[in-house]
Trainee: 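Let me give you the structure first, and then I'll get to my questions.
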Protein chains: 2
Amino acid sequence: MRPAPILPELSLEPAGEPRLPDRAALAARLAGIRPLDPAAMAEARRRLDQLTKPLGSLGRLEEAVVRLAGIAGSADPDIADKCIVIMCADNGVVEEGVSSCPPSVTAAVAGNFTRGLTGVNVFGRLAGSRLRVIDIGIRTEPPEPGIHRQRVRSGTANLARESAMTESEALRALAIGIGTASCLKQAGCRMMGTGEMGIGNTTTSAAVAAVLCGQPAERMVGRGAGLSDAALERKTGVIRSAIELHRPDPADPLAVLARLGGLDIAGLAGCFLGAALERLPIVIDGFIAAAAALVALRLAPACGDFMFASHGSAEPGARLVHDALGHRPLLDLDMRLGEGSGAALAFPLFDAALAAYRQMGSFDDARIEAYRPQS
Amino acid sequence: MRPAPILPELSLEPAGEPRLPDRAALAARLAGIRPLDPAAMAEARRRLDQLTKPLGSLGRLEEAVVRLAGIAGSADPDIADKCIVIMCADNGVVEEGVSSCPPSVTAAVAGNFTRGLTGVNVFGRLAGSRLRVIDIGIRTEPPEPGIHRQRVRSGTANLARESAMTESEALRALAIGIGTASCLKQAGCRMMGTGEMGIGNTTTSAAVAAVLCGQPAERMVGRGAGLSDAALERKTGVIRSAIELHRPDPADPLAVLARLGGLDIAGLAGCFLGAALERLPIVIDGFIAAAAALVALRLAPACGDFMFASHGSAEPGARLVHDALGHRPLLDLDMRLGEGSGAALAFPLFDAALAAYRQMGSFDDARIEAYRPQS
């Protein structure tokens with residue numbers, strides 16, 4: 001039952017990245033995000049209402065079809081070619097004992113992605129998705145081929161004591177994400193998914209999300225991969241003190257990201273921005289990807305229309321972040337694996353929505369009168 | 001984009017049905033339901049805990065694997081061959097103006113199932129599922145081949161004035177469902193889904209569920225395929241009066257079913273009972289199938305362990321019924337199409353759960369140490 005170690009879903013074409021030397025360059029780039037196409041959406045809605053079913057009875061799948069049309073600028077959106085981007089990075093805050101796993105696990109799991117043995121490998125294969133694994137900040141040397149080396153630095157600093165990264169590093173990580181979306185679009189990808197691997201990243205995500213949502217740390221913090229009560233208490237305290245130390249302005253998402261974030265979060269935030277620039281639908285995975293999506297949304301509100309939430313993570317802060325994003329998950333699985341596993345599980349729902357849209361009978365077909373409203 | 005009209009997913013092998021002349025015969029039959037296999041479940045749990053991921057991090061997918069093992073009596077459960085049973089029936093209560101569609105739509109949509117044009121056809125194909133369409137009580141002659149004719153009567157009586165059916169008819173419909181599960185098991189089916197088509201059946205389901213859940217009618221009633229405010233008020237009043245008229249004993253599910261139910265609900269309740277007898281996992285579709293599941297659960301509490309909820313229907317009573325069933329839906333799509341469409345959309349999640357279980361790396365594999373708990 002074990003899959004072959006060579007992974008056809010791993011694409012290794014080189015990725016460029018835009019130059020974003022400063023905030024002004026970022027702002028100029030993000031001004032390029034255009035809104036959804038209202039004509040394509042109206043045409044998709046018209047076609048949905050012609051299908052032989054009660055009006056709107058496919059619920060959120062119909063909303064997805066309409067939004068996919070608006071993103072593609074066509075009433076015939078194509079999402080066949082999918083890719084999940086997995087940003088891998090280490091976090092200096094693990095020095096504070098916030099994780100139940102040793103930091104070496106980041107590199108080990110990143111290696112497992114290339115051997116096809118992880119959850120996202122299994123679910124990605126089922127969904128017909130490729131994976132793109134990016135080392136954006138692993139601390140140790142990754143021994144595995146198949147990982148894109150785009151390391152901004154070898155792990156962040158400990159945010160409990162100093163800024164996790166500089167703003168310049170945060171901008172570089174955003175640029176890597178933006179460049180990845182661009183590269184994938186050129187390679188034929190038509191739907192992106194987000195994933196991550198980084199021991200300590202539920203801590204960084206909770207810190208970033210707490211500030212951006214204006215919530216106390218204790219409402220954002222969960223057990224991650226499996227913390228004890230005492231360790232959960234310690235993790236909450238670390239986040240609370242770090243926010244107190246840095247006092248980042250919630251209205252300045254770049255500062256919040258640089259001081260409290262991880263390079264995985266920054267890279268994924270760049271993916272969300274890049275997806276909007278490239279007009280690709282992008283599926284949010286779990287809590288960490290949702291925190292990254294929130295950073296992106298605060299940097300460029302227009303990018304929210306390109307996002308879809310996949311699953312409600314078991315992390316307690318996930319619901320608050322989804323509310324802030326304005327996106328409700330499609331799946332309720334109590335998962336807390338990360339990796340992009342939830343995004344991969346949601347992919348088939350979008351294929352199903354478009355299949356219904358294209359294959360169901362319409363009132364125009366002969367002999368089909370069912371559900372036509374009574375006059 | 002239109003599929004061929006000949007449907008490979010339609011199986012037409014003949015179905016037997018057990019003789020259930022009276023309540024005693026039903027009780028004797030249901031005494032044959034055996035509990036889940038604890039040894040198979042323990043072995044599945046042990047194997048899940050060997051996979052290289054944080055313990056329990058696949059959440060409800062892990063619970064599904066464990067339960068599938070308990071149902072199959074094997075730590076290697078097989079669910080490859082799937083079939084959705086679609087019970088089709090008319091409801092006399094439509095005379096009261098409780099539906100936005102004319103009753104002729106029941107037969108028309110039943111016909112569309114055989115032409116591959118409905119939502120459940122599209123989603124069933126994607127999930128690799130067969131469909132079995134049963135006329136258990138359509139009012140008019142179905143003109144379509146491909147529908148199993150197992151009609152108990154040509155539509156129920158108007159429950160607002162008299163008992164919808166006799167207890168003997170309810171027993172016959174239960175027997176058809178039980179026989180269908182048996183027939184499918186013999187034909188190789190290893191996972192069942194439930195679906196229905198019957199104009200007026202959100203009214204019958206709300207009536208049955210209100211009594212079994214001990215809830216007032218207004219908490220169970222929704223807009224079905226698309227009622228106006230005034231019609232919703234009328235529908236609620238019809239249900240309230242009918243419950244007042246019949247005053248069925250909530251502790252007597254057969255009486256509740258016969259007086260307020262539909263033949264589709266009765267047939268599906270039989271499917272749930274039959275699935276438990278045949279040790280087949282069975283996926284609940286939306287509100288109507290959930291009401292049928294609740295009838296089955298009250299008739300034989302042990303059958304609840306064989307059920308899985310697929311999606312949270314947009315009908316407001318669905319949540320109350322899921323709570324009463326003790327099953328939380330996996331999907332949150334605001335759908336209200338019926339047909340088995342939600343069950344079909346959930347099928348791939350069970351395949352994904354088993355794929356993770358079988359294909360992910362384990363701590364026994366060489367080089368894989370990630371997530372092993374620190375000592």
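No hydrogens, no waters, no symmetry mates; every other heavy atom, side chains included, goes into these values. Naming convention: chains lettered A, B, ... in sequence-line order (proteins, then strands); numbering from 1 in each chain.
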Trainee: Under a 3.5 Å distance rule, please check whether B:Asn121 uses its side chain to pair with a backbone N or O of B:Phe113 as donor and acceptor.
Mentor: yes
Trainee: Return the CD1 to CG distance between B:Ile79 and B:Asp351, rounded to the nearest 0.5 Å.
Mentor: 4.5 Å
Trainee: Heavy-atom pairs under 4.5 Å with chain B - which of A:Ser341, A:Ala355, A:Ala344 has more of them than the others?
Mentor: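 Between A:Ser341, A:Ala355, A:Ala344, the count favours A:Ala355.
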Trainee: Counting heavy-atom pairs under 4.5 Å to chain A, which of B:Leu61, B:Leu345, B:Thr106, B:Leu330 comes out on top?
Mentor: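 Highest number of pairs under 4.5 Å: B:Leu330.
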Trainee: So what's closer than 4.5 Å to chain B heavy atoms on A:Leu58: side chain, backbone, both or neither?
Mentor: both
Trainee: Between B:Ala64, B:Gly59, B:Ser57, B:Gly119, who has the most heavy-atom pairs with chain A when the cutoff is under 4.5 Å?
Mentor: B:Ser57
Trainee: Return the minimal non-hydrogen interatomic distance between B:Arg223 and B:Lys235, and the atom names on each side.
Mentor: C-NZ, 4.3 Å
Trainee: Grab the two heavy atoms, one from B:Tyr357 and one from B:Ala44, that are nearest each other, plus how far apart they are.
Mentor: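 Scanning both residues completely, I find the closest heavy atoms to be OH-CA, 3.3 Å.
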Trainee: Quick check for you: among A:Ala127, A:Gly111, A:Ala356, which has the greatest number of heavy-atom pairs under 4.5 Å with chain B?
Mentor: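 With the most close heavy-atom pairs to chain B, the winner is A:Ala356.
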Trainee: Could you tell me which of B:Pro348, B:Gly338, B:Gly56, B:Gly342 has the largest number of non-hydrogen atom pairs under 4.5 Å with chain A?
Mentor: B:Gly56
Trainee: Are the side chain of B:Glu339 and the backbone of B:Val120 linked by a donor-acceptor contact shorter than 3.5 Å?
Mentor: yes
